[in-house]
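Keep in mind the model is a prediction, meaning the values are calculated, not measured. Letters A, B, ... mirror the listed sequences (proteins, then strands); counts begin at 1.
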Amino acid sequence: MAGAVRVRFAPSPTGSFHVGSARTALFNWLFARHHGGAFLLRIEDTDAERNREDWVGGILDALAWLGLEPDEAPVRQSAMVERHQEAIDRLLRAGLLYACDCRREDVEARKAPGTPPGYDGHCRDRGLEPGPGRVLRFKVPDAGEVVVEDVVRGTVRFPLAAIEDFAVVKSTGQPLFVLANVVDDLAMGISHVVRGEDLLPSTPKQVLLWGALAGPARPLPVYAHLPMLVNEKRQKLSKRRDPVAVEQYRAEGYLPEAFVNYLALLGWSHPSGRELLSREELVAAFRLEDVNHAPAFFDVQKLRHLNGEHLRRLPLGAFVEACRPYLTPPSAPWPAERFDPAVFEAMAPLVQERVAVLSEVPGMVDFLFLPDPPLEAAAWAQVVADPLTPAILGGALEAYADCPFEPEALHQATAALAESLGRKLGKAQAPIRVAVTGRRVGPPLFESLALLGREETLRRLRTAQARLAAEQPAG
RNA sequence: GGCCCCAUCGUCUAGCGGCCAAGGACACCACCCUCUCAAGGUGGAGACACGGGUUCGAAUCCCGUUGGGGCUGCCA
């Protein structure tokens, strides 16, 4: 049927999977799902020089992680060579291409100051035979214009006079991106081309090629050029200088649903104004017409916040499950055999509302599984500086020796101790926390102590006492 | 240089001629809650780039300026 939606995400495997690519893939996927259409994947691997097989794996892994799996088997552009060759032959027979042996320097040298940039059409009428060492160029009409109706940008006009006779086939006979892309879209029955705005300038060329290759039965695809993702300097995100690897965010402990949620908010927003959205809500409301025009800054702060929201909404079991990869070495600082799942699960609800990314989990619970948790220097210094520390440590040792070792009783005992010393509980518990966990902040103290157990708690309090005495010779 | 795109709080955005002395979210500040930290609550600071039109009326439409960005390869 005429209205069937078929979109494709067409990355080239030239590096680790990029957040900008993920956003493009997501918008294609959302659009396809919203319309009950097909989301396809095409690996554009025609440039053997820069493609690596492990990058292909990276794309597949990242898409699977994000839950953006293609509806049909992925297409390898390199497997479409016959089709490409056939298209080249047809264009040649139609007299739309010509061979050219100009080198870049030659073109530059011919150019008088002030002339338009790009290729000057030098070989257009030289009648060169196609062959090795010669590229094939498309004869762009000298006058007229190409009008692109872009769903997000509206009508965009390109005067043909400003478009050079662009190369479509390398001197090796290999098709260039601009051609292969069109041939493949035609072959795959693509109805909508949803891609980054950086490809807008190549669109008139592709429209020309599509017109030359597609029959009247194949109208142009609908184009939609998404705004770029930029860094804090408002430049297109770059692999070199910006943290753009999706894999890195995954490793840091972002949830795929949070990542997808955040990406969807870059250049689009839900009509309700709500920002915490499920995948289903995104699909239901997504419309290309509502996509913004302006570039968007990829703000990790906001991603973090959203991830925290998603994390907190997870059922406890799912949260514990999500934590799993972070609870064993090398992610976790403790030896695997010291980890006790039951203890972690008991602490998990308190951890869940305190972390924004999963990689922060080990730091919240390490004192439970490390024989001697590392002591934060600043925290210890504060304890040392506090004149009441000896009294608090001593008082705690005494109080905890025979009080029931459960949170409420520990709370009461510590509160009583604090009162006897004329200090607020909040301040009084600090030296105890540092002595036992090595840190100034962490999950609620009395739950922590109860889980650690009386014996170990007392041992750590004594250790701290001894350390204090050693550092502060009586005086 | 040429072609093209873009322009609301620091950031992501709502707004599609009157309901806007511009709303929400993140970040920030203050207070509350509180065993630390989070979470939560309340309040605060914070934007229509500029100039011309059009109109009874413009953040919204048009033109220009300025500023940003993209493309300009025998990469994709």
Side-chain angles (χ1 to χ4, degrees), chain A residues 10-14 44-47 49-51 77 100 102-104 113-119 133-137 148 150 152-154 156-159 161-164 166-174 176-178 180-181 196-204 225 227-228 230 232-236 262 265-276 292-306 308-309 312 350-356 364 407 410-411 414-415 418 424-430 432-434 437 439-448:
Chain A
S12 73
T14 55
E44 304 216 332
D45 57 352
T46 48
D47 186 14
E49 298 289 310
R50 305 199 313 151
N51 293 166
Q77 188 165 64
C100 165
C102 296
R103 293 174 309 161
R104 261 198 101 147
T115 42
Y119 185 66
R134 290 169 181 175
V135 303
L136 260 28
R137 293 184 179 276
V148 176
D150 190 284
V152 343
R153 276 159 220 283
V156 186
R157 296 170 180 282
F158 298 89
I163 299 178
E164 62 182 318
F166 55 94
V168 294
V169 180
K170 300 183 199 181
S171 59
T172 59
Q174 292 279 307
L176 257 352
F177 156 77
V178 68
N181 192 263
E197 194 197 345
D198 49 343
L199 293 174
L200 189 53
S202 76
T203 305
H225 287 93
M228 303 265 70
V230 297
E232 60 288 333
K233 292 166 70 185
R234 303 255 106 204
Q235 295 163 321
K236 174 167 135 171
Y262 178 64
L265 261 20
L266 256 22
W268 179 82
S269 63
H270 194 274
S272 69
R274 286 185 303 117
E275 298 193 322
L276 182 66
N292 270 160
H293 301 176
F297 171 63
F298 187 89
D299 184 2
V300 183
Q301 291 268 40
K302 187 146 184 178
L303 205 211
R304 264 183 71 83
H305 174 262
L306 217 41
E309 297 267 24
R312 271 175 256 123
L350 301 174
V351 173
Q352 185 173 12
E353 57 183 26
R354 286 176 171 73
V355 295
M364 298 244 79
L410 289 163
H411 187 171
T414 312
K424 286 258 175 66
L425 179 54
K427 288 269 296 181
Q429 54 104 51
I432 301 171
R433 177 185 293 280
V434 173
T437 73
R439 298 175 195 273
R440 230 177 330 201
V441 302
L445 181 63
F446 308 116
E447 280 79 356
S448 299

Nearest whole Å is fine: how far is [N] [atom2] from [X] [atom1]?
X      : N     : atom1 : atom2 : result
A/Y119 : B/C71 : OH    : P     : 24 Å
A/Q352 : B/A39 : CD    : C1'   : 11 Å
A/R433 : B/C37 : CZ    : C1'   : 7 Å
A/E164 : B/C4  : CD    : P     : 15 Å
A/R304 : B/C26 : CZ    : P     : 14 Å
A/D150 : B/C71 : CG    : C1'   : 15 Å
A/L350 : B/U34 : CG    : P     : 18 Å
A/H225 : B/C6  : NE2   : P     : 12 Å

Select one nucleotide: of [options], the one nearest the side-chain heavy atoms of [X].
X      : options             : result
A/E44  : B/G70, B/C35, B/A76 : B/A76
A/L200 : B/C74, B/C4, B/U36  : B/C4
A/R354 : B/C4, B/G70, B/A38  : B/A38
A/E353 : B/G40, B/A76, B/A38 : B/A38
A/H305 : B/A25, B/C37, B/A76 : B/A25
A/Q235 : B/G70, B/A27, B/A76 : B/G70
A/R312 : B/G40, B/C4, B/C35  : B/G40

Between [N] and [M], how many Å separate the two [atom1] atoms, rounded to a whole number?
N     : M     : atom1 : value
B/C4  : B/A45 : C1'   : 39 Å
B/U11 : B/A47 : P     : 12 Å
B/A49 : B/U42 : C1'   : 34 Å
B/G41 : B/A27 : P     : 13 Å
B/C31 : B/G24 : C1'   : 22 Å
B/C16 : B/A59 : P     : 13 Å
B/U8  : B/U13 : P     : 9 Å
B/C12 : B/C48 : P     : 16 Å

Once you apply a heavy-atom cut-off of 4.0 Å, does [X] come out as touching a base, just sugar-phosphate, or nothing?
X      : answer
A/P443 : base
A/V135 : base
A/G426 : sugar-phosphate
A/R103 : nothing
A/S269 : sugar-phosphate

* Asked: With a 4.5 Å limit on heavy-atom distance, are the side chains of A/P407 and A/E447 in contact?
  ->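 A/P407 vs A/E447: side chains touch.
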
For [N], the Watson-Crick or wobble counterpart (both distances under 3.5 Å):
N     : value
B/A25 : B/U11
B/G40 : B/C32
B/A49 : B/U65
B/C3  : B/G70

Atom pairs under 3.5 Å: protein N/O with N/O of nucleotides 10-12 of chain B:
residue, atom, partner, partner atom, Å
B/C12, OP1, A/R234, NH2, 2.3
B/C12, OP1, A/F297, N, 2.9
B/C12, O2', A/L265, O, 2.9

* How many angstroms lie between NE2 in A/H293 and NE2 in A/H225, if you round to the nearest 0.5 Å? ->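 NE2 of A/H225 is found 13.0 Å from NE2 of A/H293.
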
* **A/Q352 CD to A/M364 CE distance, which is reported to the nearest 0.5 Å** =>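 It comes to 13.0 Å.
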
Between the main-chain N or O of [Y] and the side-chain N or O of [X], is there a donor-acceptor pair closer than 3.5 Å?
X      : Y      : value
A/N292 : A/A294 : no
A/Q429 : A/G426 : yes
A/T203 : A/L199 : yes
A/T437 : A/V434 : no
A/R274 : A/H270 : no

* With RNA chain B as reference, determine whether A/H411 or A/G133 sits nearer its 5' end, using the nearest nucleotide of each. =>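 Final value for this comparison: A/H411.
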
* **Residue mapping more 5' on RNA chain B - nearest nucleotide basis, A/C100 or A/A294** =>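 Nearer the 5' end of the strand: A/A294.
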
Can you tell me if the side-chain N/O atoms of [X] get under 4.0 Å from OP1 or OP2 in [N]?
X      : N     : answer
A/R274 : B/A25 : no
A/K236 : B/C71 : yes
A/H293 : B/C6  : yes
A/K233 : B/G68 : no

* To do: Determine, for A/Y119 and A/R137, whether the Lys NZ or Arg CZ falls below 6.0 Å from the six-membered ring centre while staying within 45 degrees of the axis.
  =>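 Checked: cation-pi criterion met.
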
* Asked: Between the side-chain atoms of A/R153 and the base atoms of B/C5, is any donor-acceptor pair under 3.5 Å?
  ->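 A donor-acceptor contact between them is absent.
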
* Looking at residues at least two apart in the chain, or sitting in another chain, which of them share a salt bridge (Lys or Arg N to Asp or Glu O under 4.0 Å) with A/E197? ->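 By the salt bridge (Lys or Arg N to Asp or Glu O under 4.0 Å) rule, A/E197 matches A/R153.
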
* What class does the angle between the rings of A/Y262 and A/F298 fall in, given that below 30° is parallel, 30 to 60° is tilted and above 60° is perpendicular? ->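 Taking A/F298 first and then A/Y262, their aromatic rings stand perpendicular (interplane angle over 60°).
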
